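Shown next, in structure tokens, is the structure this report addresses.
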2 protein chains.
Amino acid sequence: MKSNVTMKDIAEKLNVSSVTVSKALNDKEGVSEELKEKIKTLADEMGYRYNTMAKSMKDGRSYNVCVIIPERYTGMTQSFYLKIYQSIAQILEESGYYGIIHILPGDDEEKLKLPRIYHERRVDGFIMLGQPSKEYNQLIQSVDMPLVFLDFYDEHDDVDAVITDNFYGAYELTNYLIKQGHRDIAYVGNLFSTSSIQDRFLGYYKSLLEHKIHLKQEYVISDRDDRGEYIEFDFPDQLPTAFVCNCDQVAHLLIDRLQKNGYKVPDDFSVVGFDNDIYATLSSPSLTTVEVDIEEMAKTAVKFICEKMDNPSAEFGRIAIKGKIIFRESVRKVM
Amino acid sequence: MKSNVTMKDIAEKLNVSSVTVSKALNDKEGVSEELKEKIKTLADEMGYRYNTMAKSMKDGRSYNVCVIIPERYTGMTQSFYLKIYQSIAQILEESGYYGIIHILPGDDEEKLKLPRIYHERRVDGFIMLGQPSKEYNQLIQSVDMPLVFLDFYDEHDDVDAVITDNFYGAYELTNYLIKQGHRDIAYVGNLFSTSSIQDRFLGYYKSLLEHKIHLKQEYVISDRDDRGEYIEFDFPDQLPTAFVCNCDQVAHLLIDRLQKNGYKVPDDFSVVGFDNDIYATLSSPSLTTVEVDIEEMAKTAVKFICEKMDNPSAEFGRIAIKGKIIFRESVRKVM
DNA sequence: CTGAAAGCGCTTACAG
DNA sequence: CTGAAAGCGCTTACAG
């Protein structure tokens, strides 16, 4: 396939002007049907490919949306964000845009370095996927360009954000445990580590409140230090009958730990997770957990950014996308 | 930050021509040092951002490289390709290019539909990451554009390819088992499923040959059907003392199965995997396996594609990148 | 050292 | 219905 055919080439062969060729190829009015067909056929034959760069230059749009993911969220066990990106890219594609993924190196985040693509004017909007440092957050907001936060939000600013409904998911999960007869339910997670762990905790707490179950401080069990490194669980003297874990990986670790101490799950303890990631099915027993609706999150974020690119003053606020409980084998009914 | 400053704007403020501004900003000769500094300073102040679209149009290059990954390789447990992509993108970035990932939908693969980015002339080269269908393979080769295969090769054509050294990895791993005293060693994998399973088998076989160990047909144990779905292992009547598995996930399944039958690993059987993915450390015991050198593979593929974009007639052939054995707990010395 | 002219491939607004 | 002119933002080749 040749790759250097232009509208002008087609025009010359047909003895028309390139304006006419442009109109025909773009299905605009002002060309006779007959001529239009002729032009289209010849374009095909000559292997013509539309040059979007030229169009981009004309209308000052790049048709690229850059998805920034802080590097630390892309580790071994965290293909989650990459999967979201995959959805985003596909949906952008359908809207006539290209998704460009930018894994933000820790170093650039530290030094407040914006992606090269920004400096080279090849981007019309940003989706920030995963919470960056406070400073970087401010930097990206200072850029005069459509911006959507995905999977996190900023308490202090009002950037449009699409998040998982962490609160409601944990709330429902805890309700379910209570319906199964559990009254002594612990929460596993460091409440000061991320906003999603905190929000999940609050959902758990709301469920307790509604059922008039007292929240025992020793039932809030930390799972990691403030840098995010997992630590040994510090179990309370009197054990609960069920554990609400802030994520599947921690649920997996917890089950492992319980089993090593000779306990059985779910016979002795019920455990639930969050995320429905690889650890949910890897665990034995498999985990009852909340599946995040990746597709819907991606769809919503793309919808927001596209509308903002067309109309920069559009505002959407914060949208929480509900997940779905997946019932598996890690919960048992008690009397 | 304003986003609509052009070279012309800068030129007018300084009463010079935009040619001079262009030269100054690109560090070309033909401008006095003094003026150059003045221009650069003003550009900064005015928040000037270089418009690469314009440059692209001038020299007919998009500076984009498209990495195509068939959709079926991006499933839940397969973040492997996405990790490779991550490396590729970072290295391309350093070379002044952008990586554009294109997850090839199964449907498009079937219908032989090239990425939109190709039809819109926004790409200078392709990296095909993961083997597509035979027909798609031919299609992509028919496109007159630099192309590199990554993590697979085509026996019949001579497209430049960068692959893992499957053969040598399995060879070394088997050598290691033999050095630990094993003589009865089975291979686990369907030899007709993918070329990497086959090549790993051949490496295993070479090691046996060199040590004058007879290859027993019943020691070649299939792990999946021809569609790639895992099947139950069909163990031979007389069990070996060690298993060379074609990948970590299968090693993980095998260990599970052995343990359910009351055996202990590595006490009763030694097991090795390949890939060093999440299953290697998830298994208990953790797996001795081969770590694929993702960084080096990405580096090599990028080097190839970049040189080919500068010089389309450059040829590199097929390069196998060596992995590294990771020693863990799944192998035991026998007497 | 500096800049006027032409061109990259397309589209818009206008004239015929 | 058709097309000449101008312009998007930059660079190259040439002239002064």
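In what follows, every heavy atom counts, from backbone to side chain, and hydrogens, waters and symmetry copies are set aside. Everything numeric in this text was worked out from a predicted model, so none of it was measured. Naming: A, B, ... by sequence-line order, numbering from 1 per chain.
Contacts between chain B and DNA chain D, taken as any atom within less than 4.0 angstrom of a protein heavy atom, begin and end at dG9(D) to dT12(D).
Shown here are the side chain to side chain donor-acceptor pair (under 3.5 Å) partners of Thr52(A), two or more places apart in sequence or in another chain: Arg122(B). Not counting sequence neighbours, the partners of Asp59(B) by the side chain to side chain donor-acceptor pair (under 3.5 Å) test are Lys55(B), Tyr63(B).
Between Arg116(A) and Asp108(A) there is no salt bridge, since none of the side-chain N atoms of the basic residue sits less than 4.0 Å from a carboxylate O of the acidic one. Between Lys36(A) and Asp27(A) a salt bridge is recorded (basic side-chain N to carboxylate O distance below 4.0 Å). At a threshold of 4.0 Å, the pair Lys111(A)-Asp107(A) counts as salt-bridged, since one of the basic side-chain nitrogens sits closer than that to a carboxylate oxygen. With respect to Asp293(A) and Lys322(A), no salt bridge is recorded, no charged nitrogen being found less than 4.0 Å from a carboxylate O. Between Lys40(A) and Glu37(A) no salt bridge is recorded (no basic side-chain N to carboxylate O distance below 4.0 Å).
Secondary-structure annotation of DNA chain C gives the stems C:1-3 with D:14-16, C:5-12 with D:5-12, C:14-16 with D:1-3, with a stem taken as at least 3 successive Watson-Crick or G-U pairs whose two distances both fall under 3.5 Å.
Within the nucleic acid shown, Lys55(B) has no heavy atom closer than 4.0 Å to any nucleic acid atom.
Both Val19(B) and Ala54(B) sit near DNA chain C, but only Val19(B) has its closest nucleotide nearer the 5' end. Taking the nucleotide of DNA chain C with the nearest heavy atom to each of Lys8(A) and Lys23(A), the more 5' of the two is matched to Lys8(A). Mapping Asn15(A) and Met57(B) onto DNA chain D by nearest heavy atom places Asn15(A) closer to the 5' end of the strand.
In this structure, Arg61(A) is not positioned above the aromatic face of Tyr97(A) in the sense of NZ or CZ being under 6.0 Å from the six-membered ring centre and within 45° of the axis. A cation-pi contact links Arg49(B) to Tyr118(A), judged by a cut-off of 6.0 Å to the six-membered ring centre and 45° from its axis.
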N/O donor-acceptor pairs under 3.5 Å from side chains in residues 311-319 of chain B, not counting sequence neighbours:
residue	atom	partner	partner atom	Å
Asn311(B)	OD1	Ser313(B)	N	3.3
Asn311(B)	OD1	Ser313(B)	OG	2.9

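The stretch residues 26-39 of chain B touches DNA chain C through Gly30(B), Val31(B), Ser32(B), Leu35(B), each having a heavy atom within less than 4.0 Å of the strand.
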